[in-house]
Amino acid sequence: MTCNCIYGCSQFNNGWYFYLVNSVLFFVGIYHPVTSDQIKHNYVDKEEVVLWMNTVGPYHNRQETYKYFSLPFCVGNKKTISHYHETLGEALQGVELEFSGLDIKFKDEVMQTTYCEIELDKAKRDAFVYAIKNHYWYQMYIDDLPIWGIVGEADENGEDHYLWTYKKLEIGFNGNRIVDVNLTSEGKVRLIPNTKIAMSYSVKWKKSDVKFEDRFDKYLDPSFFQHRIHWFSIFNSFMMVIFLVGLVSMILMRTLRKDYARYSKEEEMDDMDRDLGDEYGWKQVHGDVFRPSSHPLIFSSLIGSGCQIFSVSFIVIIVAMVEDLYTERGSMLSTAIFVYAATSPVNGYFGGSLYAKQGGNLTMDKQMFIGAFMIPAMVCGTAFFINFIAIYYHASRAIPFGTMVAVCCICFFVILPLNLVGTILGRNLSGQPNFPCRVNAVPRPIPEKKWFMEPAVIVCLGGILPFGSIFIEMYFIFTSFWAYKIYYVYGFMMLVLVILCIVTVCVTIVCTYFLLNAEDYRWQWTSFLSAASTAVYVYMYSFYYYFFKTKMYGLFQTSFYFGYMAVFSTALGIMCGAVGYMGTSAFVRKIYTNVKID
Ligand SMILES: *[C@@H]1O[C@H](CO)[C@@H](O)[C@H](O)[C@H]1NC(C)=O
């Protein structure tokens, strides 16, 4: 028997033990998240080809899925129904493979054959009618190739409902491999209570010239992911980058030139002149600018997490570019979890060193715990909440108990120790507060300023430009997540990420410069928040997207959409905030190093 999974299929009925072993192997490095070369896709003639039934759900929301057999479909006469989750990523994404019971053998033609009959009572009819009214589609897999089919159809006035009963499969092979599958639904049967409905299938094998490596190409949609639009948006953002970089370098040059001029003049000036010198603006706050931020605990945890999210995004996009991750179910998510756990030291390093620099209490490791669990807690908390609703609706999105155990194990046994390593390194290597200026004992009062120099206003305005540089790409990313499009243009995503970071850094530097010039030294939180406000705009955009680009409805879909969008936006915001803060703190260091303060 050919198993499409690595460890054998049927014996792991509901194995949290399996996930444990799986996730431990995963991190020991024996188990590579991309398993394509471990699964053999070669068949000999007449070898069994398994048709897996996956999920069924409304066409308008790709993320709301139920088990295929939650609809009263019948099963073929091969009675070995197995059910397995191959990877953690699949389990989290609600993949629910169940054997269809159809008898398919490699290169073996099957004429139209009835494989089972549905005895349609009132309840079953209602279930089908509900599914048809909501445009349910089902998904199946043959040899890892996804196949979609529609459940049924209503007539124009919406009174009679019909079920497609005949699955016509056409499978293309190239040598000993399967390279193409087409499904045609035929045999429309009206749903009348207390009748029998025969379900049938046929299999036709065709020689195909498609190369095995290219077999996923037909699922990609180049006319949707038009390269022209991507280039246009990148060109736009690029112009913005040039403008912003120009602005920032102008500010830097101007201040530096003035300082040099002042140094050279100072030699010739007597004490009297020096006292009347042009001490104004940001130079005035030199005694406060390196004062620890308020709430250093939360602040340093946010910065640490943001650096981690940045490195995860960077690495995952590179892996996706190199490995074509879309060809494997759930592998994107598995890779992301793996990379997230593996980059925990980054979090510890930046969070821990910042906390130490800000004079935090180092005897207690509160910061480390908060930093390590901030993101996992946020994601799991949202997932937990949505899970409740999913269980209520019996969606296959409901995350099984075993998976939750596995995720907790990863948090405590992988993320936490790695974070500890990073924290110790960070505190010892760069935890000394070696600021260029001394911090005065007494904080300087913050002078009154114009309304548009208030931190709150700067924070609100700060996110507009970074959002402007990504919102076109956001449309593609949202659409591939919520609709049936496979995202594959990761090269563009990488460019957009780089541009986003540059724009964010430039914008926060400009914001901080104006803030300091208004003699307000509370730049740490302001720079973080003004970059992070990008996420607020992204979240607002997701409302627009929900109402105008999707056709979702109902409590489950709505909470699912807005819950996960909130997680996505928050993660994006923390990442932008951290990137902005890192850039700005380098800038602040630089300008105060070059100024001579008596
Ligand atoms: C599937 O359909 C496409 C488009 O109609 C066709 O080009 C391809 O040859 C079909 N493949 C098989 C195996 O029938």
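Ligands are counted one by one from 1 in listed order, and the atoms in each one are counted from 1 as well.
- Contacts of ligand 1 (protein heavy-atom distance under 4.0 Å) are Glu170, Ile171, Gly172, Asp180, Asn182, Lys206.
- Side-chain contact annotation: Thr570 with Tyr539, donor-acceptor N/O pair under 3.5 Å absent.
- Put simply, the side chain of Tyr68 never gets that close to the backbone of Phe73: no donor and acceptor are under 3.5 Å apart.
- Counting only N and O atoms by type, the side chains of Tyr545 and Thr479 include a donor and acceptor under 3.5 Å apart.
- Checking each of Asp143, Asn174, Asp144, Asp180 against Arg215 for a side-chain hydrogen bond (donor to acceptor under 3.5 Å, both in side chains) leaves exactly one that passes, namely Asp143.
- Here the side chain of Tyr219 pairs a donor or acceptor atom with the backbone of Pro146 at under 3.5 angstrom.
- When atom types are taken as modelled, the side chain of Asp214 and the backbone of Val210 share no donor-acceptor pair closer than 3.5 angstrom.
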